[in-house]
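Worksheet: one structure, shown below.
What you are looking at is a predicted structure, and each value in this text was computed from that prediction instead of being measured.
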Amino acid sequence: MALLDEVLDPPLGPGYHSAAERRTEAGLPPSSGYSTWLLFATALVLGLLVTVSAGTLRTPDPAAAETRASLIARIETLQEAGDDQRARIEALRTDILELEQQRASVDEGPDAGAEVAAAGTAVGATAVRGPGVVVLLEDATTRVDAAPGDEGPPERVNARDIQLVVNGLWAAGAEAVSVNGHRLTSMSAIRHAGEAVVVDFRSLAPPYEVRAIGDPETLLSEATTGVTGAYLGQLRAQLGIRSDVAAEAEVVVDPAARLTTRVGQVPALPPTAEEDA
């Protein structure tokens with residue numbers, strides 16, 4: 001029984017006994033759990049203060065929220081106004097083209113009106129509708145050549161990829177080409193700003209849709225088995241960039257948003273020997 005009592009109720013260790021004797025000799029009261037409760041209360045108060053501070057910091061500032069909402073409303077209003085003005089410009093451009101054709105037909109004959117219409121199509125001033133192909137480019141979702149432990153971002157479509165696709169379609173006989181609804185003309189430029197693709201100073205967002213009007217069979221062959229198709233296959237196999245090519249019976253390419261009138265002059269050639277004589 002003594003052994004069981006000793007196991008169930010073991011005596012204090014020598015260290016505790018010596019510390020108690022020193023406190024008694026120094027005239028101090030016996031040790032109690034007061035310090036433990038004090039530490040617990042202090043920790044509780046600190047935890048409460050930290051929680052309240054975190055909640056206060058996470059609460060949105062009413063003034064900042066109001067300013068943000070006001071800016072969003074202004075941006076949406078300006079975007080709507082810009083869309084309305086763009087639609088009005090396109091309508092006026094169509095009216096002007098019709099008047100030019102009518103005036104040319106009256107002054108110079110019916111062939112002149114057809115020449116004006118052909119010139120408007122060539123420079124991108126009028127919408128074009130006809131058979132063609134649609135090429136869709138999308139960023140990769142995973143990295144194909146990622147090494148073990150490499151968690152870098154997947155590859156993205158860049159301006160050079162779109163340039164090669166557009167140039168391949170032009171070379172295959174495309175009559176009109178647009179990228180995400182932006183008509184390309186002889187003055188258009190496809191650039192990059194950081195990781196964004198910019199067409200005629202407008203930033204585009206993926207996926208990128210290239211619409212081309214022309215002979216569907218020729219354009220489809222170029223985009224699948226030609227040089228352009230081989231390039232798209234390399235993007236898919238090496239970088240994981242996805243692409244889809246489809247021929248359509250009717251493709252619509254809208255007029256260009258930015259047109260600038262320019263005047264050109266043929267340079268004078270030096271006179272030949274016969275003309276000098």
Side-chain angles (χ1 to χ4, degrees), residues 79 86 121-124 127-260:
Q79 287 179 345
R86 190 177 299 110
T121 302
V123 300
V128 183
R129 184 188 305 269
V133 298
V134 177
V135 181
L136 189 66
L137 298 174
E138 298 186 73
D139 296 337
T141 56
T142 57
R143 294 192 59 178
V144 176
D145 57 347
D150 187 0
E151 299 180 356
E155 296 292 337
R156 303 181 60 180
V157 179
N158 56 37
R160 175 178 171 80
D161 301 332
I162 299 179
Q163 288 175 0
L164 291 174
V165 172
V166 169
N167 290 335
L169 294 175
W170 281 125
E175 301 175 8
V177 180
S178 67
V179 180
N180 281 20
H182 296 279
R183 176 79 169 271
L184 301 181
T185 66
S186 59
M187 304 300 296
S188 297
I190 302 175
R191 301 186 179 92
H192 66 274
E195 295 184 353
V197 177
V198 180
V199 176
D200 289 342
F201 304 103
R202 287 197 173 188
S203 179
L204 306 183
Y208 304 99
E209 184 183 62
V210 182
R211 306 177 71 88
I213 294 179
D215 181 35
E217 295 183 0
T218 304
L219 297 179
L220 185 63
S221 176
E222 170 63 25
T224 53
T225 59
V227 177
T228 304
Y231 182 77
L232 293 177
Q234 291 180 357
L235 291 180
R236 188 182 307 108
Q238 298 179 5
L239 303 179
I241 294 177
R242 298 164 294 169
S243 61
D244 181 66
V245 183
E248 295 187 4
E250 183 174 353
V251 177
V252 179
V253 176
D254 295 328
R258 295 172 59 91
L259 290 176
T260 303

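Remark: E138 CD to L235 CG distance equals 13.0 Å, nearest 0.5 Å. Considering CD1 of I241 and CG of N158, their distance stands at 6.5 Å, rounded to 0.5 Å. The CD atom of E248 sits 11.0 Å away from the CG atom of L220 when rounded to the nearest 0.5 Å.
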Enumerate, atom names and distances included, each donor-acceptor pair closer than 3.5 Å involving a side-chain atom of residues 227-234, sequence neighbours excluded.
{"from": "T228", "atom 1": "OG1", "to": "E222", "atom 2": "OE2", "distance (Å)": "2.7"}
{"from": "Y231", "atom 1": "OH", "to": "D161", "atom 2": "OD1", "distance (Å)": "2.4"}

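Contact of the V133 side chain with the V251 side chain is not registered, since no non-hydrogen atoms from C-beta on lie closer than 4.5 Å. Taking 4.5 Å as the limit, some side-chain heavy atom of R242 sits within range of a side-chain heavy atom of T141. The shortest distance between side-chain heavy atoms of D254 and R183 does not fall below 4.5 Å.
Pairing each heavy atom of I213 with each of G130, the nearest pair is CD1-N, 3.9 Å. Among all heavy-atom pairs drawn from V177 and A174, the shortest one is CG2-CB, 3.8 Å. Nearest approach of R236 to S243, heavy atoms of both residues: NH2-OG, 2.7 Å. S178 and V253 make their closest contact through CB-CG1, 3.8 Å (heavy atoms, listed as atom of the first residue, atom of the second, distance).
The side-chain contact (heavy atoms from CB on, under 4.5 Å) test applied to P131 returns P216, not counting sequence neighbours. Looking at residues two or more places apart in sequence or on another chain, you find a side-chain contact (heavy atoms from CB on, under 4.5 Å) between E209 and V134, L136, N180, R211. Every residue was checked against the side chain to side chain donor-acceptor pair (under 3.5 Å) condition with S203, not counting sequence neighbours, and none meets it. Checked against side-chain contact (heavy atoms from CB on, under 4.5 Å), T225 has the following partners two or more places apart in sequence or in another chain: S221. Residues that satisfy the salt bridge (charged side-chain N to carboxylate O under 4.0 Å, His left out) test with R156, not counting sequence neighbours, are D139, E195.
Partner of V199 under the side-chain contact (heavy atoms from CB on, under 4.5 Å) criterion, chosen from I162, L184, V166: L184.
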